Protein chains: 2
Amino acid sequence: MRSLFFLFIVHLLALGSGKAVFKNGVSQRTFREIKEEIANYEDVAKAIINLAVYGKYQNRSYERLGLLVDTVGPRLSGSKNLEKAIQIMYQNLQQDGLENVHLEQVRIPHWERGEESAVMLEPRIHKMAILGLGSSIGTPPGGITAEVLVVASFDELQRRASEARGKIIVYNQPYTGYEKTVQYRVQGAVEAAKVGAVASLIQSVASFSIYSPHTGIQKYQDGVPKIPTACITVEDAEMMSRMASRGNKIVIHLEMGAKTYPDTDSFNTVAEITGSMYPEEVVLVSGHLDSWDVGQGALDDGGGAFISWEALSLVKDLGLRPKRTLRLVLWTAEEQGGIGASQYYELHKANISKYSLVMEADSGTFLPTGLQFTGSDKARAIMKEVMNLLQPLNVTKVFSNGEGTDINFWIQAGVPGASLRDDLYKYFFFHHSHGDTMTVMDPKQMNVAAAVWAVVAYVVADMDEMLPRS
Amino acid sequence: MRSLFFLFIVHLLALGSGKAVFKNGVSQRTFREIKEEIANYEDVAKAIINLAVYGKYQNRSYERLGLLVDTVGPRLSGSKNLEKAIQIMYQNLQQDGLENVHLEQVRIPHWERGEESAVMLEPRIHKMAILGLGSSIGTPPGGITAEVLVVASFDELQRRASEARGKIIVYNQPYTGYEKTVQYRVQGAVEAAKVGAVASLIQSVASFSIYSPHTGIQKYQDGVPKIPTACITVEDAEMMSRMASRGNKIVIHLEMGAKTYPDTDSFNTVAEITGSMYPEEVVLVSGHLDSWDVGQGALDDGGGAFISWEALSLVKDLGLRPKRTLRLVLWTAEEQGGIGASQYYELHKANISKYSLVMEADSGTFLPTGLQFTGSDKARAIMKEVMNLLQPLNVTKVFSNGEGTDINFWIQAGVPGASLRDDLYKYFFFHHSHGDTMTVMDPKQMNVAAAVWAVVAYVVADMDEMLPRS
């Protein structure tokens, strides 16, 4: 109780430390005043850090996450698992004592991979691990048997377009970072179909492999025939490339039972700590609850969703109530292209002027190295001061490129956005693979991530003024 | 030609540099004389290094290995693949111009895993990746459905023996290094059967996992019922441990088509560079050609086998002929417990006094950190001088514990033994898994490994005296 009383006093001090002075809608406060205001949160930040990292709630986000993902498993858009997880989270957030807990209905895609297999028939029999790509069609009954054309790039595919007709295209593109390499997963089938291929198999987009296929969304294009497409392992793609370079004829038999069903109902899951002074103003804290249908969706994005929940829990447990509303959103159907978030944006964008900051953690919750931020120079300067409050954790850096599939709608419309930065190289060991499980999650690292997330969210929500957009 | 002539001169100098002086079978040479003798190999060592690492044969062992394992695939004891690989290697070694190329027939086990699957039925449906363990029996037709008892150790199994009857034992032992942890794979079924279990599933013995099961041999015990046994992923073992700790009832349906067939004929593959002065004396250089039936057996032990071949190739290509015979042996059925090597030992042990050094590379051919060596202090001092010749590669360390399943028969009988040391932690990422492929092999690292292997083998084979055993 003593610590709570202490925090109450600190909170009052923080409340009184600044003043919102506007002239024609532009703050008239000096940066020095803002800096002082933020520095006054030092004790609040320490209290959050202590509770999250050293105190009674250390490891809570890890334990909560483990219980959900062990119980439900992976949570693909359109699946019963996802809706079960949403219902459990709805109960969890209510039981946690958060406010305004509710579900916002959206329509989401329903695709299932069904049974799938790929066997190399020539130059030798070899059963290959595959994962069909999200939205792919299946093969005709009996599957497809075709010769393979291995290419290392879209350029090579163009150069060898005359060899592609009737073939299965194997993309053996090198991994040169996710953003660049993922184009092969997303567009590989379309580019292959344009030159007459009957299917495409893409080297998994991964920074490291132990014969692990990595799935993900792919996109067909109007006017281009739809062909079945799956990812294969780095190992098999490289092997077929070596075989082709030796002049071996490669033949694969591919069977995919993938099918798209009618869209289904789902929900973005929302909970709040309502703001004390400006309840209509919002700091949005988020992760997505859906995942791919392999592994447990612990890393992508269970961790991000659960440190976001943890951020609100920590604020609540410390008896804090920021001036603005802290809104937790657990998105649905992120993996299909931010489907839940897109509908949320359409529903709420009329209030865009009230969003001070949108946050999403969707790149892992390993030990954070800092915060990625998109916003004006003034806002960035403020975020640097906020991150200084995390000196006790030695996580103070502010990087560029605050982003997230689900928050980009807002960021592109001018709202400041923040995302958590950690070891992305390691993240793509596991991303969208059977290896996305609790085994890769580290409770101590999640504690730190949650503390960073909570301090940023709380302080920005509680400052006298919203983050400036210019 | 100039370099070969130069080497010929160097070789003559080396030949004349020392003299074998024995009294009652014990060398009378001073260590200083031996040290000088070894130092005279500096130019030979540099020539080997240059040819292997920088010269025209750089990447040769990698390319040769890739061709074999891409063509043949994995090479399980008793399989057609293994015998095909042996026949290819027999031709390869002849075509390479090595001497006395021949096959030595042995009898080896023939076990096949057949179709296998495991599905967790409770607390939720979850299809698990498994790999049956070598020599395991299969399940009865229709499989086994049973409740799970998760234990973290043999001690816990003993304490909870009364709960084990009729259950499937899941071993969730932590990985504390291969030698210790592999006991669970080898003895897990026996210990489980002793307390009445119907099957055992063992957390894969691996230093890191991306949902990758790792197989390997297991051993039944006379008088203890045989029960089916397989490895599961680290991820699933840990998940079931968490579930059990929450009080969840876990039920698994296990089907394994594993079956042991009658022993079959196979061969150790032998090639030599016959010694110029003491052809009956031998430095044995080896790796094993067989592998498990998953992945490509590139790391275990394609790399070791192929740098051993490369060592002889390099010596031959430089026109060198050591005083003693360099004998390459590519063992068969190592994975079943050194079956080929055991029969080789029985056949050749009468000549044990003629074996100066037995070498096996079977722990990876990543960048070597040095040589592991077992032998007398005098022999160790000599090996340190030999390894000094590898200063140009900065790989000069001599560690303890020279060993290898296939050479331990000789080492235990007193013959000095050497093995290659590299990053064992990384080795056990891939060991016995689908991930043991060419993707994990690095041509430049194999070049260095081959150079180290060749220098050690050649110099020890060419020195005036055999390595002292006391």
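As a basis for the values below, the full set of heavy atoms in this structure was taken, side chains included, without hydrogen atoms, waters or symmetry mates. The shown structure was predicted, so the numbers you read here are calculated from the model rather than taken from an experiment.
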J.: Does any heavy atom of chain B fall under 4.5 Å from the side chain of I125(A), the backbone, both, or neither of them?
T.: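 For I125(A), neither part sits under 4.5 Å from chain B.
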J.: How long is the straight-line distance from CD of Q296(A) back to NE2 of H126(B), given to the nearest 0.5 Å?
T.: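 Going from NE2 on H126(B) over to CD on Q296(A), the span is 7.0 Å.
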J.: Could you check if a side-chain atom of I210(A) sits within less than 4.5 angstrom of a side-chain atom of S433(B), using non-hydrogen atoms only?
T.: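 Counting from C-beta outward, I210(A) and S433(B) do come under 4.5 Å.
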J.: Can you list everything that forms a ring-ring contact (aromatic ring centres under 6.0 Å, His included) with Y171(B)? Sequence neighbours excluded, please.
T.: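 For Y171(B) the ring-ring contact (aromatic ring centres under 6.0 Å, His included) partners, ignoring immediate neighbours, are F154(B), Y184(B).
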J.: Taking only heavy atoms into account, what residues of residues 230-245 of chain B are found under 4.5 Å from chain A?
T.: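 If one takes a 4.5 Å heavy-atom cut-off, the residues of residues 230-245 of chain B near chain A are V234(B), E235(B), E238(B), M239(B), R242(B), M243(B).
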J.: Taking only residues two or more places apart in sequence, or in another chain, which ones meet H432(A) in a ring-ring contact (aromatic ring centres under 6.0 Å, His included)?
T.: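 Partners of H432(A) by the ring-ring contact (aromatic ring centres under 6.0 Å, His included) criterion, ordered by chain and then number, come out as W292(A).
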J.: If you check every heavy atom in residues 68-85 of chain B against those of chain A, which residues fall under 4.5 Å?
T.: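 If one takes a 4.5 Å heavy-atom cut-off, the residues of residues 68-85 of chain B near chain A are V69(B), D70(B), T71(B), V72(B), G73(B), P74(B).
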J.: Give me the ring orientation class for F429(B) and F208(A): parallel if the planes are under 30° apart, tilted from 30 to 60°, perpendicular past 60°.
T.: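 Ring orientation of F429(B) relative to F208(A): perpendicular.
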